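Heads up: the structure comes next, in structure tokens.
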Amino acid sequence: ISEEKSDVINIFEALDNKKNESRLAVLILYKDITKYKREWIQRYKESIMEQSYDNFDIHEINCSNDNIAIFDSKCNHDHIFYKKDCDIYEGMNFLMNEINKSDINYSGVVFTFPDHYYDLEFFSELSVNLKNNYDIIGSNYTVVTDIKGEELELSQIVHNFEENSLREQ
């Protein structure tokens, strides 16, 4: 291989390496967080902080009149914003503008909600799809558990639903 071709190969290898370092911007938006159950917020927070994929930044916006934040400095979280009396859509636009102004070139944006919790492989799966050059990735990933917290298979969920529907008639 000539030296000129070798340089071209090195440039593509560098681009591939950069592509493999997909950094995500994780957004959390809420208004009046006090209306959410503490257990939900704690489970949400744990599901974000314990992700197997850890190459992400949290961007949090509180659209209420208080100064409450879900994440704190112990979470390596320095992207917290307070925007008094704005609706969620204004908050989302504000966060997207902040991300676009950032020096960090995020490979993806993940919208999260404080009353949801996420599988610990969720960000990892998203990053794999981002590496495949998808522009938009939608997710309806759902885990349903029984009262003991054990994950149910789809067939169990359908069976239980059908069984309960028959009883109600």
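Both backbone and side-chain heavy atoms feed into the values below; hydrogens, waters and symmetry mates do not. Bear in mind the structure is a predicted one, so any value in this text is a computation, not a measurement.
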For a quick test of reading the model, state the closest non-hydrogen atom pair linking [X] to [Y] and the distance between them.
X: Ile99; Y: Leu27; result: CD1-CD2, 3.2 Å
X: Gly91; Y: Leu29; result: C-CD2, 3.5 Å
X: Tyr118; Y: Ser47; result: N-OG, 3.0 Å
X: Tyr44; Y: Thr112; result: OH-OG1, 2.6 Å
X: Asn62; Y: Ser64; result: OD1-N, 2.8 Å

Exercise. Would you please classify the geometry between the Tyr36 ring and the Trp40 ring as parallel, tilted or perpendicular, with 30° and 60° separating the classes?
Key: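 The arrangement is perpendicular - the two ring planes meet at more than 60°.
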Approximate separation, where rounding is to 0.5 Å, of [X] [atom1] and [Y] [atom2]:
X: Arg23; Y: Asn105; atom1: CZ; atom2: CG; value: 12.0 Å
X: Arg38; Y: Lys45; atom1: CZ; atom2: NZ; value: 12.0 Å
X: Ile28; Y: Ile61; atom1: CD1; atom2: CD1; value: 11.5 Å
X: Tyr117; Y: Ile41; atom1: OH; atom2: CD1; value: 15.5 Å
X: Asn93; Y: Glu90; atom1: CG; atom2: CD; value: 8.0 Å

Exercise. Spell out, as yes or no, whether a donor-acceptor pair under 3.5 Å connects the side chain of Ser52 to the backbone of Leu120.
Key: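 Checking the backbone N and O of Leu120 against the side chain of Ser52, a donor-acceptor pair under 3.5 Å is found.
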Is the shortest side-chain heavy-atom distance between [X] and [Y] below 4.5 Å?
X: Ile70; Y: Ile58; value: no
X: Gln42; Y: Glu39; value: no
X: Val109; Y: His59; value: no
X: Tyr106; Y: Asp57; value: yes
X: Phe71; Y: Ile48; value: yes

Self-check item: Identified side-chain contact (heavy atoms from CB on, under 4.5 Å) partner of Leu24 from the options Asn55, Asp54, Leu130
Solution: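 Single side-chain contact (heavy atoms from CB on, under 4.5 Å) partner of Leu24 among Asn55, Asp54, Leu130: Leu130.
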Quiz prompt | Crowding at NZ, Lys84 (>12 non-hydrogen neighbours, <6.0 Å) | solution =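 Check passes, neighbour count above 12.
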Exercise. Take Arg43 and Glu46, measure what salt bridge (charged side-chain N to carboxylate O under 4.0 Å, His left out) needs, and give me the verdict at the end.
Key: CA-CA 5 Å; Arg43 190 150 184 200; Glu46 288 169 0; over 6 Å; no
Self-check item: Phe56 and Phe123 aromatic centres sub-6.0 Å
Solution: yes
